[in-house]
Protein chains: 2
Amino acid sequence: MDAASGKQLEDTIESRLRGAGLRVTGPRVRVFNLLQSLGGHHSADDLAQQLSADKGGMSRASVFNVLHDLTNAGLIMLSDAGPGRAFYEASDTWHHHFVCRNCGDIIDVPCAKDVKPCLNPALPGPGFAVDEAQVIFRGLCPACNPEVAPGIVLA
Amino acid sequence: MDAASGKQLEDTIESRLRGAGLRVTGPRVRVFNLLQSLGGHHSADDLAQQLSADKGGMSRASVFNVLHDLTNAGLIMLSDAGPGRAFYEASDTWHHHFVCRNCGDIIDVPCAKDVKPCLNPALPGPGFAVDEAQVIFRGLCPACNPEVAPGIVLA
DNA sequence: CTTTTGTTTGGACTGAATACAATATAGCAC
DNA sequence: GTGCTATATTGTATTCAGTCCAAACAAAAG
């Protein structure tokens, strides 16, 4: 990435923060930027570790604050991947997640449009205002799936 | 519940533990029993607090151990309710969950197909062995939903 | 009843996240 | 630009969730 596109990216981040009604601050830009450029799913501490090592450093508490702010503003999303620590990702498109039972990897699963599994609009009952349905698929990823590689002898 | 049905229940629990290949021990019977009689979703510490106050007491570590054992044996289930602490429930039928964004309440949502793999097998991609798809519905429960028409009495 | 094997226990420990009060800074008015 | 004020950031202390461990214990098999 050259200087120009880096600048471009920062401009985009700034305008998106502003558009969401958030003040543009160093920590917010840096967290958002890092999450976007890394791609994938990351825990708060994961990001905090990288950012505190960077020039300027960064408080762990700030990372948590910023992640909450960005999530509330809808700029990033908190992935549903089961109990445990929270994983965040910068994604614009709605999707679901596959979580490997063995290695714990989280993989995005595109939302099959109009095929919301088991989604019956009347389901929760009257009075409920459901605004999203997140699906978590569980099983084994290719790397952990013994069925994948023919010829590999299983223990 | 009278003494006879209490005994009956314990017998059932014992046989279910045995049937799952688990030794029948006091802590296991008590945790399983409590989770069944309470109904709903409970965290390990929630259960530990009640059990340690009971006659005989109970170690917090044991509650965690037992919950893991029962979960692995398929006798109870670990509810997918998003990041944070784990919630367990004693339920025989596969279902999904609605989580209120405001109060955090977890409510069971019956699975439209009532069988475990209610999923699109092609979704994650080749090489993946998906064995379950859990749906988390998010929104507002009736108690937190301002849209609920005044005058409507919620059960 | 003895042995074997698996389980329980408490306490120390790790890791994730929050609370809070002091400090710093963005955005605005002038 | 300068200064003001509301909002953010920071570090530390603290809570909360969960794991680890080795010694004591108990279930099931012989």
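Counting to the nearest Å, the C1' atom of dT8(C) and the CE atom of Met58(B) are 9 Å from each other. Atom CZ in Arg23(A) sits about 16 Å away from atom P in dA24(C), given to the nearest Å. In this structure, Leu51(B) atom CG and dG10(C) atom P are separated by 13 Å, rounded to whole Å. The CZ-P distance, from Arg60(B) to dA12(C), rounds to 13 Å in whole Å. The interatomic distance linking Phe64(B) (CZ) with dT14(C) (P) rounds to 17 Å, in whole Å. Atoms CG (Asn65(A)) and C1' (dA16(C)) sit 15 Å apart, rounded to a whole Å. Between His42(A) atom NE2 and dA16(C) atom C1' there is a gap of 18 Å when expressed in whole angstrom units.
Rounded to the nearest 0.5 angstrom, Ser91(B) OG and Leu35(B) CG are separated by 10.0 Å. Interatomic distance, Leu75(B) CG to Leu22(B) CG, rounded to the nearest 0.5 Å: 6.0 Å. Here the NE2-CD1 distance, from His42(B) to Ile76(B), works out to 11.0 Å after rounding to the nearest 0.5 Å. Going from atom SG of Cys100(B) over to atom CG of Asn145(B) covers 8.5 Å, rounded to the nearest 0.5 Å.
No more than 12 heavy atoms of other residues, nucleotides or ligands lie within 6.0 Å of CD in Gln49(B), so this atom counts as exposed by the packing criterion.
Within residues 68-87 of chain A, no residue has a heavy atom under 4.0 Å from DNA chain D.
Look at Ser62(B) and you'll find a side-chain N or O under 4.0 angstrom from OP1 or OP2 of dT9(C).
The residue among Val24(B) and Tyr88(B) whose nearest nucleotide of DNA chain D lies closer to the 5′ end is Tyr88(B). Mapping Ala61(A) and Leu22(B) onto DNA chain C by nearest heavy atom places Leu22(B) at the nucleotide closer to the 5' end.
The backbone N or O of Leu17(A) lies less than 3.5 Å from no partner atom in the side chain of Arg28(A), so there is not a single donor-acceptor pair.
For DNA chain D, the outermost nucleotides in 5' to 3' order that have an atom under 4.0 Å from a heavy atom of chain B are dA17(D) to dA28(D).
Using modelled atom types, one finds a donor on one side chain and an acceptor on the other under 3.5 Å when comparing His41(A) with Asp108(A).
Within the nucleic acid shown, Arg28(A) comes within 4.0 Å of sugar-phosphate atoms alone, with no base atom in reach, counting heavy atoms only.
In summary, Arg85(B) and Asp45(B) do not engage in a salt bridge, as defined by a charged side-chain N under 4.0 Å from a carboxylate O.
By the 4.5 Å heavy-atom criterion applied to side chains, Tyr88(A) and His68(A) are counted as neighbours.
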